[in-house]
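All values reported here derive from a predicted model rather than from experimental measurement. Just so you know, these numbers use all the heavy atoms, side chains as well, and skip hydrogens, waters and symmetry mates.
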Amino acid sequence: MLITSASNPTLKLVRKLLAQKRKREELGLFAVEGEDLVDAATAAGIEPIELLVAGENVEPELLAAISTLPHPARVVALYRTAALPKETRETTLALWRVSDPGNVGTLLRAADAFGAAVALSEGCADPLGSKALRASAGAIFRVPLLDFDAASGERVALVAQGGTPLHELELAGPVTFVLGAERDGLPEEIVAQSNYRATIVTTGAAESLNVAVAGAIALYERSRRR
């Protein structure tokens, strides 16, 4: 059946899920826009509960009207949050109040590249929001999402200065790299709860690295040792 009205309940639901974290949490659902993300979900064995395709089961202008993209996607799908992976892994990125959705999505993508999980504290950007989903490039369907305190192994707090050079640390066994907010980094109480304080040594003039860059370097360093 072709959806021809903007008041259609499914379209109204999609609009709310795209716009409101509260609604996503309340219903345990989220929406993705674009064929690439839908294909990534299918490849991961996760099927949508609703699939809207412009010109097939919804009028294109109606789907375009609810889009968050500069160029509206032809496909929008709804998924259950419970269908996403949840298992622990030997390597985890634990994010403390990382509020930029692009950074959260990019860190998911980096974790995907190195077989890691991602753990999120309160105050992090929602990984199921539109910007984070796009930045994840489909990694959301492959990377386990955990609570901040649920990550396993020894914790390595990454700090801009004053820590043990990361390349000098022994990284055997399960490891969780703890990364802080873009502007403020990690608070001292979170650093104190970690087993190690480490710094990525740089040689240029920049005082610190972008959090997503730091996370990717830490994952590479861990992978290089194994």
Side-chain angles (χ1 to χ4, degrees), residues 21 30 32-34 36-37 40 44 68-70 84-85 88-148 150-151 153 155-167 169 171 175-187 190-191 194 196-226:
K21 178 182 178 181
F30 65 101
V32 306
E33 301 174 82
D36 289 348
L37 285 174
T68 66
L69 304 177
L84 296 175
T88 58
R89 290 184 175 174
E90 279 227 339
T91 308
T92 304
L93 295 178
L95 313 185
W96 177 261
R97 299 189 181 280
V98 175
S99 60
D100 182 273
N103 281 334
V104 169
T106 301
L107 286 160
L108 279 164
R109 189 173 182 178
D112 188 32
F114 291 100
V118 170
L120 303 171
S121 75
E122 291 185 4
C124 280
D126 185 3
L128 304 181
S130 296
K131 289 182 180 179
L133 287 171
R134 291 198 296 275
S136 84
I140 189 68
F141 296 108
R142 298 182 292 269
V143 174
L145 286 175
L146 311 172
D147 291 333
F148 184 79
R155 292 197 165 221
V156 178
L158 293 178
V159 296
Q161 298 174 344
T164 301
L166 180 61
H167 66 271
L169 281 184
L171 297 175
V175 170
T176 292
F177 295 107
V178 187
L179 298 115
E182 294 86 349
R183 181 182 295 273
D184 300 323
L186 290 170
I190 297 298
V191 175
S194 301
Y196 304 98
R197 178 195 300 249
T199 296
I200 296 171
V201 177
T202 58
T203 58
E207 291 184 0
S208 63
L209 295 169
N210 168 274
V211 64
V213 173
I217 290 173
L219 290 174
Y220 171 75
E221 181 65 23
R222 162 76 159 166
S223 175
R224 186 180 67 82
R225 311 277 189 93
R226 301 177 71 185

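Checked by atom type and distance alone, the side chain of Glu33 never pairs as donor or acceptor with a backbone atom of Ser130 at under 3.5 Å. Asp147 places no side-chain N or O within donor-acceptor distance of the main-chain N or O of Ala150, the cut-off being under 3.5 Å. A distance-only check finds no donor-acceptor pair linking the side chain of Arg197 to the backbone of Gly162 [under 3.5 Å]. Side chain of Thr106 to backbone of Ala135: no donor-acceptor contact under 3.5 angstrom is found. At distances below 3.5 Å, not a single donor-acceptor pair connects side-chain atoms of Thr164 with backbone N or O atoms of Ala198. Without hydrogens or angle criteria, Ser223 side chain to Tyr220 main chain gives no donor-acceptor distance under 3.5 Å.
Just one of Val118, Leu145, Asp112 meets the side chain to side chain contact (heavy atoms under 4.5 Å, CB included) condition when paired with Ile140; it is Leu145. Among the candidates Thr92, Leu166, Leu95, the single residue satisfying the side chain to side chain contact (heavy atoms under 4.5 Å, CB included) test with Phe177 is Leu166. Applying side chain to side chain contact (heavy atoms under 4.5 Å, CB included) to Arg155 and the options Thr176, Ile190, Val175, Val191 leaves one that passes, Thr176.
Put simply, CG on Asn210 and CG on Asn103 are 4.5 Å apart, with the number rounded to the nearest 0.5 Å. We find the CG-CG distance between Leu128 and Leu84 to be 6.0 Å, quoted to the nearest 0.5 Å. Expressed to the nearest 0.5 Å, how far CG of Leu133 lies from CZ of Phe30 amounts to 6.5 Å. Atoms CZ and CD, from Phe114 and Glu90 in turn, are 16.0 Å apart once rounded to the nearest 0.5 Å. Atom CD1 of Ile217 and atom CD1 of Ile200 lie 4.5 Å apart (nearest 0.5 Å).
The minimum heavy-atom distance linking Ser99 with Ala125 is given by the pair O-CB, 3.3 Å. Nearest heavy-atom pair across Val201 and Pro165 is CG2-CB, 3.7 Å. Shortest non-hydrogen contact noted between Gly180 and Val211 is O-CG2, 3.5 Å. Looking at every heavy atom in both residues, Arg142 comes nearest to Ala137 through NH2-O, 3.9 Å. Taking both residues in full, the closest heavy atoms of Ala160 and Thr199 are given as O-CG2, 3.2 Å, listed atom of the first, atom of the second, then distance. Contact record, Ala117 with Leu146: CB-CD1, 4.1 Å, taken as the closest heavy-atom pair.
By the 4.5 Å heavy-atom criterion applied to side chains, Leu179 and Trp96 are not counted as neighbours. Contact annotation: the side chain of Leu69 approaches that of Arg134 to within less than 4.5 Å [non-hydrogen atoms, C-beta and beyond].
Taking a 6.0 Å sphere around CZ of Arg89, one finds it holds more than 12 heavy atoms contributed by other residues, nucleotides or ligands.
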